[in-house]
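To find a chain, count down the sequence lines: A is the first, B the second, and so on, and within it residues start at 1.
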Amino acid sequence: MSFKFSRAQRIRSRSDFAYIYEHGQLYKDEFFRVFYVRKHPPEPGRLGLSISKKLGKAHVRNRIKRIIRETFRLHPELTGRLDLIVQPRSTAATLSNEQLRQRFVEALIALRENR
RNA sequence: CGAAGGCGAAUGGUCCAGGCGAAGCCUGGGGAGGAAAGUCCGGACUCCACAGGGCAGGCCGCUCGCCGCAAGGCGAGAAAGAGCGAUCUUUGGAAAGUGCCACAGAGAAGAGACCGCCAGCGGCCCAAGCUCCGCCAGACUUCGUCUGGACUGUUCGCCUUGGCCAGCCGUAGGCUGGCCAAGAUGAGCAGUCAAACGGAGCUUGGGCCCGGCAAGGGUGAAACGGUGGGGUAAGAGCCCACCGCCCCGCUCGUGAGAGUCGGGGGCACGGCAAACCCCGGCCGGAGCAAGACCAAGUAGGGGCACACGGGGGCCGUAAGGCCCCCUAAGGGUGGCCCGCCCGAUGUGCCCGGGUAGGUCGCAUCAGAGAGAUGGCCCUCACCGGGGCUUCCCCGGCACAGAAUCCGGCUUAUGCUCCUCUUCUUUUU
RNA sequence: GCUCCCAUCGUCUAGUGGCCCAGGACGCUGGUCUCUCAAGCCGGAAACAGGGGUUCGAAUCCCCUUGGGAGCG
């Protein structure tokens, strides 16, 4: 099985973002806000990231994005059939890499049970 | 993540052929920085109907040389300042003009006289002494001579000091008014004693006014040369010597500047230009979300208004600067003027409608287009700590990440290496 | 990414080189008033984002840093 993060797995167009913000559901916890939409013809999940400059300088935001993307790639069983837009909150910048991974997996599990 | 290559063939355009060729899959060279950062200066590039001259504005500023369009950098120097020193910091013009220099202080820019010092001349007042005249009293040696002409009390006015009270402003405290006490002084009245004062001149001392001085005190961030001598009523570059300063010349240096040089000048010329400004150099404006092309879509939309374009005073050809009135006077030249250009066209306002896609710009092998360059493990090197020390264990390794590119500046930073020098300590 | 703007008591602000160890309002706080609270009256604390420079003197002028905010086809 491939763990690539192909272009099809990314939310890219402005209209897709607008649709998910408009029609999606919202999950919130201490570290993330996640907008998500369940797709009825089952398709691979897609991910969009939105990080405010308030979280830190460019290298800090890059680290958070990489860890979230990595977690998304490694857990297709949690993200299938979902379009996600993840907004990390400013508390996420204080987490270590390992903590960030764990918290995001926990968030995805909570999100699945919330359906 | 990905240039490139291979497999792949949907779909599109064409009458046909030929050719182009998306997604997906495979291989895959290569893949963050010295600051990629801040966006503080520049440049390339693109557009702005854009050939030129200017106004305004911006940036830069010791000298010479080199590199550069420029910003800036490098090297060698100059002056001033800091430091024991190595070294570091600063840099056009204040004698073109305008402006500012609070408070304090006498005076803040061709300044000033508060305290202070002062001879002579001058004016006024007071005190003391002497001389003279008149007046009074007494004594005596009787045409006159000698001696003396003061003190005390009280009333009123004014001044000073102290105390108390009231009002006002206030942190202290101050101002105004009233009362009391003391002192000084002027006028009136009274008393004592033998008697109860007037004038003129000179000298000395004191006070005030007019006047001379700018040495000293004091204020300030800053006070219009310093030291010594002469000089004077007291003083002063008033004069002199030395030091300092300014100007001119000469010499040296390409120059900023320098000189134990020569001459002149008694000396004036304070600070601020990161205040306006002046001088010199450079710059047209905006910015890759610039801009170009393709596709789709709309409409070659409708209505109303406007049509050479203000006036006056001073400097200037004009922009511009200062002041006033009237008001919104085609548009473009992307701050403005001249000039130039457009004009069945342009602008302003109102109403209505459409797009939010793609490609290029966009990279000399980093390069996307919701934005890659990552995580974990192993090994080695380095740094710190510890231990059972040819080894082992634990921890650490910064600042921070391209989005058109390039040149600088500034700021943030861990470790390693190299070169030169100073100071301190120790040893010799 | 590019181009700009702003920062003064807890909040809103005044200030445009010296009169400012920074003024005002609301809020906070101590006292007074009241049976109590509020209002009123009297008083107090509280700020120039940070650093460096120019100047005799900086909230103000210049530079750097930090933190907020706005615009763009």
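If A/Ile67 and A/Ser50 are placed on RNA chain B by their nearest nucleotide, the residue sitting closer to the 5' end is A/Ser50. Taking for each of A/Val60 and A/Lys65 the nucleotide of RNA chain B with the nearest heavy atom, the 5'-most of the two is the partner of A/Lys65.
Among residues two or more places apart in sequence or in another chain, the side chain to side chain donor-acceptor pair (under 3.5 Å) test is passed with A/Arg89 by none. With sequence neighbours excluded, no residue forms a side chain to side chain donor-acceptor pair (under 3.5 Å) with A/Arg66. Contacts of A/Tyr27 classified as ring-ring contact (aromatic ring centres under 6.0 Å, His included), with partners at least two apart in sequence or in another chain: none. For A/Asn97, the side chain to side chain donor-acceptor pair (under 3.5 Å) test picks out A/Arg63, with sequence neighbours left out. A search for ring-ring contact (aromatic ring centres under 6.0 Å, His included) contacts involving A/Phe35 returns A/Tyr21, not counting sequence neighbours. Among residues two or more places apart in sequence or in another chain, the side chain to side chain donor-acceptor pair (under 3.5 Å) test is passed with A/Gln99 by A/Ser96.
Straight-line distance between the C1' atoms of B/C325 and C/U8: roughly 42 Å, to the nearest whole Å. Rounded to whole Å, the separation between the C1' atoms of B/G212 and B/G122 comes to 14 Å. The separation of C/G1 from B/A370, taken at their C1' atoms, amounts to 15 Å, rounded to a whole angstrom. Nucleotides B/U419 and B/G77, compared at atom C1', are 24 Å apart to the nearest Å. Comparing the C1' positions of B/C59 and B/A82 gives an interatomic distance of 31 Å, to the nearest angstrom. For B/U347 and B/G353, the P atoms lie 23 Å apart once the distance is rounded to whole Å. For the C1' atom pair drawn from B/G92 and B/A78, the interatomic distance equals 14 Å after rounding to whole Å. Spacing between B/A274 and B/C269 at atom C1', rounded to whole Å, works out to 26 Å.
Glycosidic torsion of C/A47 falls outside 90° of 0, placing the base in anti. Base orientation for B/A328: anti, the chi torsion being more than 90° from 0. Within 90° of 0 lies the glycosidic angle of B/G34, which makes this nucleotide syn.
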Give me, pair by pair, the N or O atoms of the protein and of nucleotides 31-37 of chain B that are less than 3.5 Å apart, along with how far apart they are.
none

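Distances shown here put every side-chain N or O of A/Arg73 at or beyond 4.0 Å from the OP1 or OP2 atom of B/G374.
Taking the side chain as every heavy atom from C-beta outward, A/Val86 and A/Phe104 approach each other to under 4.5 Å. At a threshold of 4.5 Å between non-hydrogen side-chain atoms, the residues A/His75 and A/Val105 count as touching. Contact check for A/Arg69 versus A/Leu49: side-chain heavy atoms found under the 4.5 Å cut-off.
In this structure, the helix from B/G122-B/C209 to B/G134-B/C197 shows an angle of 0° between the axis at its start and the axis at its end, each fitted on 5 base pairs and rounded to 10°.
Across every strand in view, B/A236 sits unpaired, with no contact that passes the Watson-Crick or G-U test at under 3.5 angstrom. In this structure C/G44 sits in a base pair with C/C28, meeting the Watson-Crick or G-U test at under 3.5 Å. Summarising the base pairing, B/U251 is matched to B/A258 through a Watson-Crick or G-U wobble pair whose two defining distances lie under 3.5 Å. When both distances must be under 3.5 Å, the Watson-Crick or G-U wobble mate of C/C56 is C/G18. Across all strands shown, nothing is found opposite B/A403 as a Watson-Crick or G-U wobble partner with both distances under 3.5 Å. When both pairing distances are held under 3.5 Å, B/C168 makes a Watson-Crick or G-U pair with B/G174. Taking a pair to require two hydrogen-bonding distances under 3.5 Å in either a Watson-Crick or a G-U wobble arrangement, B/C306 pairs with B/G346. Across all strands shown, B/G287 pairs with B/C45; the Watson-Crick or G-U wobble distances both stay below 3.5 Å.
For residues 91-102 of chain A, the salt bridge (Lys or Arg N to Asp or Glu O under 4.0 Å) pairs, not counting sequence neighbours, are A/Glu70-A/Arg101, A/Glu98-A/Arg101.
Taking both residues in full, the closest heavy atoms of A/Ala93 and A/Val60 are given as CB-CG1, 4.3 Å, listed atom of the first, atom of the second, then distance.
Residue A/Ile64 contributes atom CD1, which lies 17 Å from atom C1' of B/A370 at whole-angstrom precision. Straight-line distance from the CD1 atom of A/Ile68 to the C1' atom of B/G375: 14 Å, rounded to whole Å.
Using a 4.0 Å heavy-atom distance criterion, A/Arg63 is classed as making no nucleic acid contact.
Considering only side-chain atoms of A/Glu70, the nucleotide from B/G371, B/G375, B/G401 that sits closest is B/G375. The side chain of A/Lys57 has B/A400 as its nearest neighbour among B/A400, B/G371, B/G375.
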